[in-house]
Peer 1: 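Got a structure here, written out as structure tokens. Questions coming.
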Amino acid sequence: MEKYEQERFAKLQKLREKGIDPFGGRYDNTQSIQTILKEFVPERDDLKVKAAGRIMTMRPHGKTVFLDIRDWTGKIQVYIKRDKIGEEPFELSKLLDLGDLLGVEGVLFKTRTGEVTIYADSFTLLSKSLLNPPEKWHGLKDVELRHRQRYVDLFTSPEVMQTFLKRIQIIKHIRTFLDARDFVEVETPMMQSIPGGAVARPFITHHNALDIDLYLRIAPELYLKRLLVGGMERVYEINRNFRNEGISTRHNPEFTMMELYQAYSDYNGMMELTEGLVVSLVEKLYGNYEIPFGEITINMKPPWRRATFCELLEEHSGIKYDDEEGLIRKSKELGLETAGIDRDNIANNLFEELVEKALVNPTFVLDYPTSICPLTKTCAHDPRFAQRFELYIASMEVANSYSELNDSIEQDKRFHEQLGTEADIAGKIDEDFLTALKYGMPPAGGLGIGIDRLIMLLTNNVSIREVILFPLLKPK
RNA sequence: GCGCCCUUAGCUCAGAUGGUAGAGCAACUGACUCUUAAUCAGUGGGUCGGAGGUUCGAUUCCUCCAGGGCGCACCA
């Protein structure tokens, strides 16, 4: 390692001796390689182009050298010929290495073998690379190295670059979609003194001047609803949530969540919105509704199935929600814990065990038991159930939505039921949120979409770490 | 947190019932003015993840540790 670096450093010194700055500077008016490749027309041999990119391969042939440079849009071959470029510059080309960043000016032509190539009039070293890039053919395969040194992964693997560019495109599309429907994007606190809006272990941090502990937010929900009270009728936020829990192919401690709230809507409105949004993304990225995901193919064609929690539970377990003994019996058959657990949670555990795995094509699961939905309005026809849906695709929970509970008295009661004893409650209920509700919050639909998971689906990556630029890894 | 698996050259990978390792790419030297996984000739490169143990001898067997992958658990 040391050795390779020294060899390259020696070349760098030689360049300096020749008066060349090995780290370049401003290099204006380049065109993207993709644009250059599109511009080429076979009839013309005088199209001047200027490109900049990283040297990926080099094929020296005595008094000529072919090299491929890549930028973030594509790859193009460069042809450097001594008789064309002059003796001194040609000597400089011998000090180039794989991985160096190079600027090239020249005319386009097609080689005998049919490859569009820049016939270099001149080249400029824009940055000397001091480390060996990974192998040209296999690239960087080691998953750990790919994540730790994402910068290498990105310049080595165009597919990885494409995944992240798609991620950016998807998030941009979501913003455009929501902006077109009169939503406004807002920012709410990441550091909260009471972590609310979800149930999860938070990260704790400390503010020195105030000498108080703060929590990194587990959800923005309670602040976004305050904005509904304030009269911001359609708000959304796309930003990070932090949960101090296990790491898996579907969980990263910090992840990107989109939450939105629409006054005077409800969870039915949110279903329409969700389906419209995700389908528009599928159409944009795929042009058809059959999308591959790992080993499976998902059919995203709307309309998506809508089925209640109870229907699905019965469909996959043969047991009705009302049949408490049946639920317990089935749970025991499956080896699930039942002691000290109430019926709703037993039902929910059974649901997770039996139903979720089967939900491959998009399915809206409606009307969860009220006790596991503390922030949700109950169903008019049966208050044991709440107006909530979760959207499952490929057995992953992708979205979660409800008709927002706007009755402050009911909300107060639910918080207390959720938290249990008075001792547990101290300092854990966001009283200011309840105060806000008392002023009056419009009935509203709320929606949360796990952006990373959505991007996994839309880019065919089965691990969340493949769609997060710098996933959390233990320090080496 | 638990279980299974992985860690060998800069990168991608071989390998040995235990006798201190090999290929391709990359690098270095030379030849080559339309090549493209360029080619040809030659050269160098390794604490075999770390620490212990067994052994005459360990990279190989055992234990522990670290990092990672997958699954489970956790996760409204």
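Computation of the quantities below employed the complete heavy-atom set of this structure, encompassing side-chain atoms and omitting hydrogens, waters and symmetry-equivalent molecules.
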Peer 1: From rG68(B), rU12(B), rA38(B), pick the nucleotide closest to the side chain of Arg59(A)?
Peer 2: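 From the listed options, rA38(B) comes nearest.
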
Peer 1: Under 4.0 Å, heavy atoms only, any strand: does Asp142(A) hit a base, just the sugar-phosphate, or nothing?
Peer 2: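 The answer is sugar-phosphate, as Asp142(A) gets under 4.0 Å only of primed atoms, P, OP1 or OP2.
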
Peer 1: Ignoring hydrogens and angles, does a donor from either the side chain of Gln77(A) or the base of rU35(B) sit under 3.5 Å from an acceptor on the other?
Peer 2: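 Yes, a donor-acceptor pair under 3.5 Å.
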
Peer 1: Mind checking who rG3(B) pairs with, Watson-Crick or G-U wobble, both distances under 3.5 Å?
Peer 2: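 By the stated definition (distances under 3.5 Å), rC70(B) pairs with rG3(B).
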
Peer 1: I want to verify a distance call: between rU12(B), rA76(B), rC34(B), whose nearest atom is closest to the Pro374(A) side chain?
Peer 2: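 Nearest to the side chain of Pro374(A) among the choices is rA76(B).
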
Peer 1: Regarding rG10(B), can its base be found pairing with the side chain of Glu135(A) as donor and acceptor, where the two atoms are less than 3.5 Å apart?
Peer 2: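 Check fails, no donor-acceptor contact within cut-off.
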
Peer 1: Can you confirm whether the side chains of Arg388(A) and Asn400(A) place a donor and an acceptor under 3.5 Å from each other?
Peer 2: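 Yes, Asn400(A) and Arg388(A) have a side-chain donor paired with an acceptor closer than 3.5 Å.
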
Peer 1: Looking only at atom C1', what distance separates rU59(B) and rG22(B), rounded to whole Å?
Peer 2: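 Nearest-Å result for rU59(B) against rG22(B) at atom C1': 13 Å.
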
Peer 1: Without hydrogens or angle criteria, can the side chains of Arg59(A) and Gln77(A) be said to hold a donor-acceptor pair below 3.5 Å?
Peer 2: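 There is such a pair (donor and acceptor under 3.5 Å, judged by atom type) between the side chains of Arg59(A) and Gln77(A).
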
Peer 1: Looking only at side-chain atoms of Lys136(A), point me to the closest of rA76(B), rG44(B), rA37(B).
Peer 2: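 Shortest atom-to-atom distance from the side chain points to rA37(B).
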
Peer 1: The side chain of Lys11(A) is closest to which nucleotide in this list: rA76(B), rG69(B), rA27(B)?
Peer 2: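 My answer, after comparing the listed nucleotides, is rA27(B).
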
Peer 1: Closer than 3.5 angstrom, by distance alone: can the side chain of Ser331(A) be matched with the main-chain N or O of Thr338(A) as a donor-acceptor pair?
Peer 2: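 No.
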
Peer 1: Kindly say whether, by distance alone, the side chain of His251(A) makes a donor-acceptor pair under 3.5 Å with the base of rC75(B)?
Peer 2: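 Donor-acceptor pair under 3.5 Å: yes.
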
Peer 1: Is it true that Asp97(A) and Lys128(A) have a side-chain N and a carboxylate O under 4.0 angstrom from each other?
Peer 2: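 A salt bridge is present here (some side-chain N lies under 4.0 Å from a carboxylate O).
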
Peer 1: My understanding is that a pair needs two contacts under 3.5 Å, Watson-Crick or G-U wobble. By that rule, which nucleotide pairs with rG45(B)?
Peer 2: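 Result: none.
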
Peer 1: Taking atom P in both rC40(B) and rU47(B), what distance in whole Å separates the two?
Peer 2: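 Comparing P positions in rC40(B) and rU47(B) gives a spacing of 30 Å.
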
